[in-house]
Asker: 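What follows is a single structure, and I will ask about it in a moment.
Quick note: residue numbers are just sequence positions, from 1.
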Amino acid sequence: MKRLEQFSQEIKQCVLCGTCKSVCPTFSVINRETASARGKVALCSAFLKGEIGLSERFTKHINECVLCGACEESCPNDVHVPDIILAARREIFKNNKVDFTRTAVSKLLGSEKIGNTVIKIASKVQNIFFKRVPEESGLHRRFPLPFINEKRLVPKLAEKFFLESVDQRSESVALGFIPNEGPLPIKGNATSPKIGFFAGCLINYIYPHIGEASLKVIEKAGASVIVPLDQSCCGMPAIGVGDIEAAKKLALKNLEAFERYELDYITTACATCGHGLKRRFKDLLGNEYPERINAFSNKVRDITELLVNELGQGGYPSGNPSEGWVGMGGGKSEIASPLIKSVARNDITPNSLVTYHDPCHLSRGQGIKDEPRKLIEMSGHKFKEMNHPCRCCGLGGSFNITNYELSMEINREKAEDIKNTGADIAATACPGCIMQIKDGLHKIGTKTKVMHVVELL
Ligand code: SF4
Ligand code: SF4
């Protein structure tokens with residue numbers, strides 16, 4: 001990834017027009033120049049010129065960003081503000097100026113053994129420290145706890161993590177994905193597209209049912225799916241705090257985990273992980289392993305993108321309808337039924353009114369907007385667009401932990417927007433957004449269910 005000094009030319013491209021200010025969610029709440037995208041670019045410029053140092057205030061301002069990418073999208077001069085902010089955070093990390101909470105979250109998720117053990121223990125004792133909030137699938141703390149705001153709706157940790165629950169499936173299917181090991185023993189057939197599923201931390205530790213729904217839907221769409229068990233965190237939390245060395249190690253580990261299998265596609269149901277696997281892996285390892293990283297990243301598809309564009313669901317013609325693929329091809333009526341019949345959740349009423357929130361890392365990070373909407377349409381529910389579907393939910397990774405009040409202030413507009421649609425269900429395609437939106441809706445007393453698009457299928 002580029003260092004801050006490598007952005008000096010790009011920073012000079014900023015003409016201080018302020019277009020980015022009007023779309024910046026942190027500026028809209030704080031209303032201070034340093035909270036805006038333009039302000040942060042100016043701070044980085046001053047730092048590079050030696051006019052200011054890595055002070056606590058500099059760090060605070062640089063961390064007041066949810067990395068939503070709205071500034072980058074609106075900038076007429078092609079200034080990649082989030083990349084500049086990440087490079088500044090790298091500088092901050094290098095000089096040991098990162099606050100403890102941000103580093104702790106990144107280290108916990110990045111260290112497989114310690115992270116798994118700590119989160120497993122937490123899942124066993126969470127009922128002691130947290131009480132269940134009636135009618136909501138979340139928890140509130142019972143007494144003061146470090147890093148946990150008293151108003152926060154905390155998601156319940158899974159008793160059995162996703163990567164534990166798919167053990168048998170992976171063991172039995174794995175052989176079919178390794179070159180020269182013979183045909184697929186169970187799922188699909190020799191010509192089924194082979195998909196590797198990347199879970200990510202939130203699906204693994206908190207929402208394993210989203211992972212399960214994803215596997216079922218992929219198989220219903222006629223593909224074979226495997227979950228490499230030695231996969232790790234995607235590294236986005238480490239990138240967010242500027243710990244590039246840790247992110248590189250995680251990227252390499254994931255690369256090796258998926259390279260063991262002969263895969264047509266690698267998919268994930270997490271928008272942030274998808275952005276990381278497609279784009280940030282290239283930034284991290286593209287220079288060292290260009291061919292391997294290109295081969296890997298070019299196979300990555302968000303699950304909605306995979307289902308619609310590659311497996312022909314949602315009424316789009318398939319891009320590569322090889323002989324033997326099951327349940328694929330163009331024509332909505334022909335292909336819609338297999339997935340619709342797989343509805344298993346008993347808390348989804350048929351003909352519900354659904355609205356959709358665009359995760360920043362999917363809509364802006366990957367340019368995917370139509371595909372999730374196609375799938376919602378295909379699910380048979382009614383759909384109503386909210387006023388600002390692409391507005392950030394305010395999560396911003398560990399930003400939500402270190403700047404909780406600000407994060408929820410950004411979220412308030414999103415929650416109101418959802419409420420105003422009158423929707424029964426707010427669907428999205430990112431487990432992080434699900435967590436954040438649930439908290440926001442709970443705060444304004446709205447009972448709208450929040451779920452991943454694949455759960456509707
Ligand atoms: S990425 Fe989003 S929050 Fe950060 S400066 Fe840009 S618009 Fe503002
Ligand atoms: S929109 Fe671009 S050029 Fe204008 S102030 Fe923001 S970063 Fe600078």
Asker: Here's one to test your reading of the geometry: is the NZ or CZ of Lys2 within 45 degrees of the ring axis of Phe7 and under 6.0 Å from its centre?
Answerer: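 Judged by the rule (NZ or CZ under 6.0 Å from the ring centre, within 45° of its axis), Lys2 counts as positioned above Phe7.
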Asker: Are Ile210 and Val454 side-chain neighbours, meaning at least one heavy-atom pair lies under 4.5 Å?
Answerer: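 Sidechains of Val454 and Ile210: in contact.
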Asker: Would you confirm whether Thr268, through its side chain, and Cys270, through its main-chain N or O, come within 3.5 Å as a donor-acceptor pair?
Answerer: yes
Asker: Between His61 and Arg32, is the side-chain hydrogen bond (donor to acceptor under 3.5 Å, both in side chains) condition met? List the steps.
Answerer: CA-CA 10 Å; His61 300 321; Arg32 180 193 348 106; 3.3 Å; yes
Asker: Kindly indicate, with the supporting measurements, whether the criterion side-chain contact (heavy atoms from CB on, under 4.5 Å) is fulfilled by Lys194 and Ile226.
Answerer: CA-CA 8 Å; Lys194 298 188 184 82; Ile226 186 168; over 6 Å; no
Asker: Between Asp417 and Met386, is there a donor-acceptor pair closer than 3.5 Å when you use the side chain of the first and the backbone of the second?
Answerer: no
Asker: Phe198 vs Phe258 aromatic rings, parallel, tilted or perpendicular, using cut-offs 30° and 60°?
Answerer: tilted
Asker: Give the intermediate values and the outcome of side-chain contact (heavy atoms from CB on, under 4.5 Å) for residues Val354 and Lys382.
Answerer: CA-CA 6 Å; Val354 179; Lys382 291 171 280 179; over 6 Å; no
Asker: Nearest 0.5 Å, what's the CG-NZ distance between Asn411 and Lys414?
Answerer: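 Answer rounded to 0.5 Å: 8.5 Å.
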Asker: Of the non-hydrogen atoms in Pro372 and Leu362, which two are nearest, and what is the gap between them?
Answerer: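 In terms of heavy atoms, the two residues are closest at CG-CD2, 4.3 Å.
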Asker: For Phe281 and Phe296, run ring pair (Phe, Tyr, Trp, His ring centres under 6.0 Å): C-alpha distance rounded to whole Å, both residues' side-chain angles, the deciding distance at 0.1 Å, then the answer.
Answerer: CA-CA 9 Å; Phe281 273 31; Phe296 176 92; 5.4 Å; yes
Asker: Give a yes or no on whether the backbone of Ile425 and the side-chain of Thr448 come within a donor-acceptor separation of less than 3.5 Å.
Answerer: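 A pair under 3.5 Å: no.
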Asker: To the nearest 0.5 Å, what is the distance between CD1 on Ile410 and SG on Cys393?
Answerer: 9.0 Å
Asker: Under the salt bridge (charged side-chain N to carboxylate O under 4.0 Å, His left out) rule, what pairs show up with a residue in residues 283-309, not counting sequence neighbours?
Answerer: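 Pairs touching residues 283-309 that pass the test: Lys248-Glu288, Glu259-Arg292, Lys278-Glu305, Arg279-Asp283, Arg280-Asp283, Arg301-Glu310.
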Asker: Is the side chain of Arg90 donor-acceptor paired with the backbone N or O of Leu4 at a distance under 3.5 Å, no angle test?
Answerer: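 No.
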Asker: Keeping Glu72 on the side-chain end and Gly69 on the backbone end, is there a donor-acceptor pair under 3.5 Å?
Answerer: no
Asker: How about Leu67 and Arg89: do any of their side-chain heavy atoms sit closer than 4.5 Å?
Answerer: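 Leu67 vs Arg89: side chains touch.
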Asker: If we ignore hydrogens and angles and just use 3.5 Å, is the side chain of Asn403 paired with the main-chain N or O of Leu406 as donor and acceptor?
Answerer: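 Flag not set: sc Asn403 to bb Leu406 has no pair under 3.5 Å.
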Asker: Using side-chain heavy atoms (C-beta onward) and a distance below 4.5 Å, is Leu311 in contact with Leu306?
Answerer: yes
Asker: Main chain of Gly39, side chain of Ser36: is a donor-acceptor contact present, judged purely on distance under 3.5 Å?
Answerer: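 Checked: pair present.
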Asker: Is there a side-chain contact between Ile239 and Met1 in this structure, where contact means two heavy atoms from C-beta onward sitting under 4.5 Å apart?
Answerer: yes
Asker: By the salt bridge (charged side-chain N to carboxylate O under 4.0 Å, His left out) test, which pairs, at least two apart or in different chains, include something from residues 33-54?
Answerer: Lys21-Glu33, Glu33-Arg38
Asker: Using the side-chain contact (heavy atoms from CB on, under 4.5 Å) rule, take Leu375 and Met378 through it: C-alpha gap first, then chi angles, then the decisive distance, then the call.
Answerer: CA-CA 5 Å; Leu375 293 173; Met378 182 182 147; 4.1 Å; yes
Asker: Check whether the side chains of Tyr265 and Asn298 place a donor and an acceptor atom closer than 3.5 Å, and report yes or no.
Answerer: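 No, no side-chain donor-acceptor pair sits under 3.5 Å.
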Asker: Would the number of heavy atoms belonging to other residues, nucleotides or ligands and lying under 6.0 Å from CG of Asn287 be above 12?
Answerer: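 Counting other residues, nucleotides and ligands, CG of Asn287 stays at 12 neighbours or fewer.
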Asker: A side-chain contact here means heavy atoms from C-beta on lying under 4.5 Å apart; do Asn63 and Phe399 qualify?
Answerer: no
Asker: Check the pair Ser407 / Gln436 against side-chain hydrogen bond (donor to acceptor under 3.5 Å, both in side chains), numbers first and verdict last.
Answerer: CA-CA 9 Å; Ser407 163; Gln436 175 81 346; 2.9 Å; yes
Asker: Between Cys71 and Val81, which heavy-atom pair has the shortest distance, and what is it?
Answerer: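 Minimum heavy-atom contact is SG-CB, 3.5 Å.
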Asker: Restricting to non-hydrogen atoms, name the atom on Leu284 and the atom on Ala251 that form the minimum distance, rounded to 0.1 Å.
Answerer: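 Smallest interatomic distance, heavy atoms only, reads CD1-CB, 4.0 Å.
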Asker: If we ignore angles and hydrogens, is there a donor and acceptor under 3.5 Å between the side chains of Glu10 and His80?
Answerer: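 A donor-acceptor contact under 3.5 Å links the two side chains.
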Asker: With rounding to the nearest 0.5 angstrom, report the NZ to OG distance, Lys216 to Ser214.
Answerer: 10.5 Å
Asker: Answer yes when Lys94 and Glu91 have at least one side-chain N-carboxylate O distance shorter than 4.0 Å, and no when they do not.
Answerer: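 Yes, Lys94 and Glu91 are salt-bridged.
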Asker: With a 6.0 Å cut-off (strictly less than), is the heavy-atom count around NZ of Lys249, excluding the residue itself, greater than 12?
Answerer: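 For Lys249, atom NZ is not crowded (no more than 12 foreign heavy atoms under 6.0 Å).
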Asker: Where the side chain of Gln231 meets the backbone of Ala199, is there a donor-acceptor pair that is under 3.5 Å apart?
Answerer: yes
Asker: Between Glu416 (side chain only) and Glu413 (backbone N and O only), is there a donor and an acceptor less than 3.5 Å apart?
Answerer: no
Asker: Between the side chains of Asn309 and Glu371, is a donor N or O closer than 3.5 angstrom to an acceptor N or O?
Answerer: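 Checked: Asn309/Glu371 side chains pair up, N/O donor to acceptor below 3.5 Å.
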Asker: Taking the side chain as every heavy atom from C-beta outward, state whether Val66 and Leu395 have any atom pair closer than 4.5 Å.
Answerer: no
Asker: Within the structure provided, determine whether Ile92 and Ile62 are in side-chain contact (heavy-atom separation under 4.5 Å).
Answerer: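 Ile92 vs Ile62: side chains touch.
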Asker: Can you find a heavy atom in the side chain of Lys369 that is under 4.5 Å from one in the side chain of Asp358?
Answerer: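 Sidechains of Asp358 and Lys369: in contact.
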Asker: Go through the steps for Ser232 and Lys253 under the test side-chain hydrogen bond (donor to acceptor under 3.5 Å, both in side chains), then give the verdict.
Answerer: CA-CA 7 Å; Ser232 302; Lys253 189 161 187 298; 3.3 Å; yes
Asker: Which of parallel (below 30°), tilted (30 to 60°) and perpendicular (above 60°) describes Phe197 and Phe162?
Answerer: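 Because their plane-to-plane angle is over 60°, the rings of Phe197 and Phe162 count as perpendicular.
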Asker: Output yes when Glu377 and Arg373 qualify as a salt bridge under the 4.0 Å nitrogen-oxygen rule, no when they do not.
Answerer: no
Asker: Can you confirm whether Gln9 is buried at CD, in the sense that more than 12 heavy atoms of other residues, nucleotides or ligands lie under 6.0 Å from that atom?
Answerer: no
Asker: Taking all non-hydrogen atoms of both residues, which atom of Ile52 and which atom of Leu43 are closest, and how far apart?
Answerer: CD1-O, 3.5 Å
Asker: If I take atom NZ from residue Lys384 and atom CG from residue Asn420, how far apart are they, to the nearest 0.5 angstrom?
Answerer: 8.5 Å
Asker: Within this structure, what is the OG1-CZ distance for the pair Thr34 and Phe27, rounded to the nearest 0.5 Å?
Answerer: 9.5 Å
Asker: Yes or no on side-chain contact (heavy atoms from CB on, under 4.5 Å) for Ile195 and Ile266, after CA distance, side-chain angles and deciding distance?
Answerer: CA-CA 6 Å; Ile195 317 292; Ile266 295 162; over 6 Å; no
Asker: Looking at Gln366 and His361, would you say the former's side chain and the latter's main chain have a donor-acceptor pair under 3.5 Å?
Answerer: yes
Asker: Taking all heavy atoms of Pro193 and all of Gly222, pick out the closest pair and write down the distance.
Answerer: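 Shortest heavy-atom contact: CD-O, 3.9 Å.
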Asker: Show the nearest heavy-atom pair for residues Ala238 and Ala246, with the distance to one decimal.
Answerer: CB-CB, 4.2 Å
Asker: With rounding to the nearest 0.5 Å, note down the distance linking SG in Cys234 to CG in Leu277.
Answerer: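 The distance works out to 6.5 Å.
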